There are 2 protein chains.
Amino acid sequence: MGVTIYDVAKKANVSMATVSRVINGNTNVKPTTRQKVLDAINELGFRPNAVARGLASRKTTSVGVIIPDISNLFFAELARGIEDIASMYKYHIILSSSDQQKNKELDLLDNMLEKQVDGVIFMGSSVTDEHIEVFKRANVPVILAATVDESQSLASVNIDYYQAMKEAVQFLAEHNDEVIGFVTSPLNATINEMKRQGYEDALSDKGLNFNQDLIYAGDDSYNSGIEAANYFLSLQKRPKAIITSSDEMALGVIHGAQDQGVKIPEEIEVIGFDNTRLANMVRPTLTSVLQPMYDIGAVSMRLLTKLLRGEEIEQEQVTLPHRIVERDSTK
Amino acid sequence: MGVTIYDVAKKANVSMATVSRVINGNTNVKPTTRQKVLDAINELGFRPNAVARGLASRKTTSVGVIIPDISNLFFAELARGIEDIASMYKYHIILSSSDQQKNKELDLLDNMLEKQVDGVIFMGSSVTDEHIEVFKRANVPVILAATVDESQSLASVNIDYYQAMKEAVQFLAEHNDEVIGFVTSPLNATINEMKRQGYEDALSDKGLNFNQDLIYAGDDSYNSGIEAANYFLSLQKRPKAIITSSDEMALGVIHGAQDQGVKIPEEIEVIGFDNTRLANMVRPTLTSVLQPMYDIGAVSMRLLTKLLRGEEIEQEQVTLPHRIVERDSTK
DNA sequence: TTGAAAGCGCTAACAT
DNA sequence: ATGTTAGCGCTTTCAA
């Protein structure tokens with residue numbers, strides 16, 4: 001551009017300090033002076049340089065967001081929640097996908113810190129001690145969104161995955177005392193482990209059948225859902241219900257079963273997880289455990305703004321509510 | 001942090017300039033000196049301040065991305081393409097959703113320019129004269145991704161929407177000389193107008209039936225696809241094929257029709273647009289016009305890097321290839 | 001209410 | 001091959 005605060009000051013016949021005050025909404029400026037400055041700003045088409053500002057004030061009003069994969073429906077929804085609140089508080093988002101690779105995650109964090117982000121929102125598979133150490137050394141607040149740190153030493157926003165999965169299994173067990181299959185995912189390792197635990201505990205609480213054969217390791221994709229269906233159908237003792245750790249895999253399971261002429265939910269009930277928009281886009285519509293992705297993002301960002309503004313925080317580990325949304329893939 | 005280039009210089013017994021040279025990979029440094037500096041950097045845990053760097057060099061290595069809605073599958077995929085190439089070239093992405101509101105788009109651009117982004121990738125519904133004017137005044141390169149500027153005065157990456165839609169209709173017309181319905185969307189107004197034109201021209205080329213009743217104005221959502229199906233089924237002369245301007249609406253059409261007992265593709269054929277992952281997640285699987293979203297993003301970003309580095313550009317308006325991916329929703 | 005002036009941490013001539 | 005020295009455009013004491 002070329003127009004600086006100095007040019008404005010000269011034009012308005014005031015000092016740079018006064019222009020700065022006007023830009024920043026400082027009240028200690030005489031109204032007439034303020035107007036003079038405002039006029040000069042308009043005439044010159046002055047646009048404050050946020051980089052210079054950042055250097056002088058040591059605040060950039062931008063926050064880093066490390067996300068496994070922005071093209072994933074689940075995370076994209078979460079990102080939107082972050083973004084909406086960020087823009088409400090005048091923060092910018094620097095967004096990068098990590099593919100859940102630890103090295104990439106750490107590198108991204110480093111780059112963002114070089115850019116002097118005021119804070120970071122992190123989504124990732126698992127939080128190792130190294131992660132924690134790096135986060136603490138970062139000198140800016142870090143929030144984990146939909147990401148569990150077992151040591152509970154970082155601020156975070158999640159649902160109770162263990163309990164959610166347990167309830168889903170219990171829900172099935174009400175009208176189904178037969179075997180229940182489970183499709184896991186390697187993504188979000190820690191969270192999936194919690195889900196698996198909930199699954200197992202629910203079964204043993206009910207005195208139901210459990211063995212390793214009933215767990216199929218998917219990869220979070222639609223196709224792995226289809227493969228899971230094929231696998232379960234090939235079992236001697238077929239499950240009468242299947243629960244997956246994501247909606248996309250649940251759709252795969254439904255279609256995989258239907259492709260083999262199996263009726264859903266009559267012969268096999270299916271429950272997904274996350275309650276993404278996909279749950280309505282399938283026949284029968286998918287019963288799913290609602291996880292409020294948008295809210296997790298929004299609450300994470302809100303929490304970050306509180307930290308950034310030194311506001312009172314009641315609780316650094318936030319747990320949002322979940323619930324089962326019943327549709328037609330269950331009886 | 002607190003550690004600056006000055007601290008490193010002192011520790012290594014060299015000048016700041018030398019440290020700067022080492023950081024920036026300048027070759028004019030004696031290997032032993034370089035090593036001394038590197039050691040000092042490690043010992044002190046020095047991390048270069050990108051903000052200071054940006055101020056001094058007038059380059060931020062960050063680019064702004066204005067996107068209608070990051071939680072939309074289509075745009076999220078595009079964003080991922082942008083991001084992958086950006087990170088390959090060491091650029092950071094500042095990402096904001098505009099909801100295709102002109103004011104928001106212009107505001108976002110303004111904010112990004114304040115942040116001194118080196119360039120901008122813009123995705124939006126329509127490009128008005130005001131957009132163009134603002135883009136030109138921005139003083140940084142702007143690329144339109146999956147966004148058409150009819151005046152052709154800006155760099156852009158698209159497919160030939162007109163031709164793509166025309167081919168889709170011709171494809172249907174091969175085995176279907178009956179009426180063909182069309183579901184539009186208000187999103188991407190200009191592009192949808194091109195698609196509509198392709199639809200109409202294809203019909204008239206074939207001497208086929210056309211009237212306004214055959215166009216249903218959807219809103220790009222799954223539900224509006226269902227509504228479109230209901231609408232078309234209520235017509236006296238039902239279409240024998242329906243083509244939509246997005247996959248999500250196509251799924252809605254399929255399910256809306258199936259919910260009323262209509263067989264796809266036997267009674268009605270359906271074609272979607274974009275060939276998103278959804279096309280495989282439905283029964284019957286969806287024939288769709290492939291638009292390479294990821295590539296559009298990647299090529300846009302690559303084009304931007306060329307502009308930024310002053311590399312030779314052959315063509316500022318890039319048209320990527322499209323094609324029809326046949327699946328089971330058509331005969 | 002306003003101004004003067006010293007940085008913020010780095011790059012980029014220009015010297016040597 | 002290395003050092004000196006202006007800035008980059010703004011914020012922020014400190015004074016007035």
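Just so we're clear, the structure is a prediction, and the values are computed from it rather than from any experiment. Letters A, B, ... are given to chains in the order of the sequence lines, protein chains preceding strands, and every chain is numbered from 1.
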At 4.0 Å (heavy atoms only), tell me whether Val14(A) reaches a base, stays on the sugar-phosphate, or touches nothing. sugar-phosphate
Side-chain N or O of Asn28(A) closer than 4.0 Å to phosphate OP1/OP2 of dT2(C): no
Please report, rounded to the nearest Å, how far the P atom of dG9(C) is from the CZ atom of Arg47(B). 14 Å
Compare side-chain N and O positions of Thr18(B) against OP1 and OP2 of dG3(D) and report whether any pair is under 4.0 Å apart. yes
For Ser20(A), which contact category applies under a 4.0 Å heavy-atom criterion: base, sugar-phosphate, or nothing? base
Would you mind reading off the distance between Leu44(A) atom CG and dG9(D) atom P, rounded to a whole angstrom? 14 Å
Starting at CE of Met16(B) and ending at P of dG7(C), how long is that distance when rounded to a whole Å? 14 Å
Can a side chain N or O of Ser15(A) be found less than 4.0 Å away from OP1 or OP2 on dG3(C)? yes
Integer-rounded Å distance: dC10(D) C1' and Asn49(A) CG: 8 Å
Examine distances only and state if a side-chain atom of Asn49(B) and a backbone atom of Arg53(B) form a donor-acceptor pair shorter than 3.5 Å. no
Can you tell which of dT2(D), dT12(D), dT2(C) lies closest to the side chain of Val29(A)? dT2(C)
Kindly indicate, with the supporting measurements, whether the criterion side-chain contact (heavy atoms from CB on, under 4.5 Å) is fulfilled by Asn158(A) and Gln317(A). CA-CA 8 Å; Asn158(A) 286 288; Gln317(A) 272 85 29; over 6 Å; no
If the cut-off is 4.0 Å, is Thr33(B) near the phosphate of dA1(D), judged by side-chain N/O to OP1 or OP2? no
Using atom CD1 of Ile23(A) as one end and atom P of dT12(D) as the other, report the distance to the nearest whole Å. 12 Å
For dC8(C), does either OP1 or OP2 sit under 4.0 Å from a side-chain N or O belonging to Arg58(A)? no
Is it the case that the side chain of Asp149(B) and the backbone of Leu154(B) share a donor-acceptor pair, with hydrogens and angles ignored and the cut-off at 3.5 Å? yes
Closest-nucleotide ordering on DNA chain D, the 5'-leading residue of Arg21(A) and Tyr6(A): Tyr6(A)
Checking Ser156(B) side chain against Val148(B) main chain: does a donor-acceptor pair fall under 3.5 Å? no
Here the distance between atom P of dC10(C) and atom CD of Gln116(A), to the nearest Å, is 9 Å
Roughly how far, to the nearest 0.5 Å, is OG of Ser151(A) from CG of Asp129(A)? 7.5 Å
Taking the nucleotide of DNA chain D with the nearest heavy atom to each, does Ala56(A) or Ala17(B) sit closer to the 5' end? Ala17(B)
Taken to the nearest whole Å, CG/Asn26(A) to P/dT2(C) is 10 Å
Nearest-Å distance for atom pair CD1/P, residues Ile41(A) and dG9(D): 16 Å
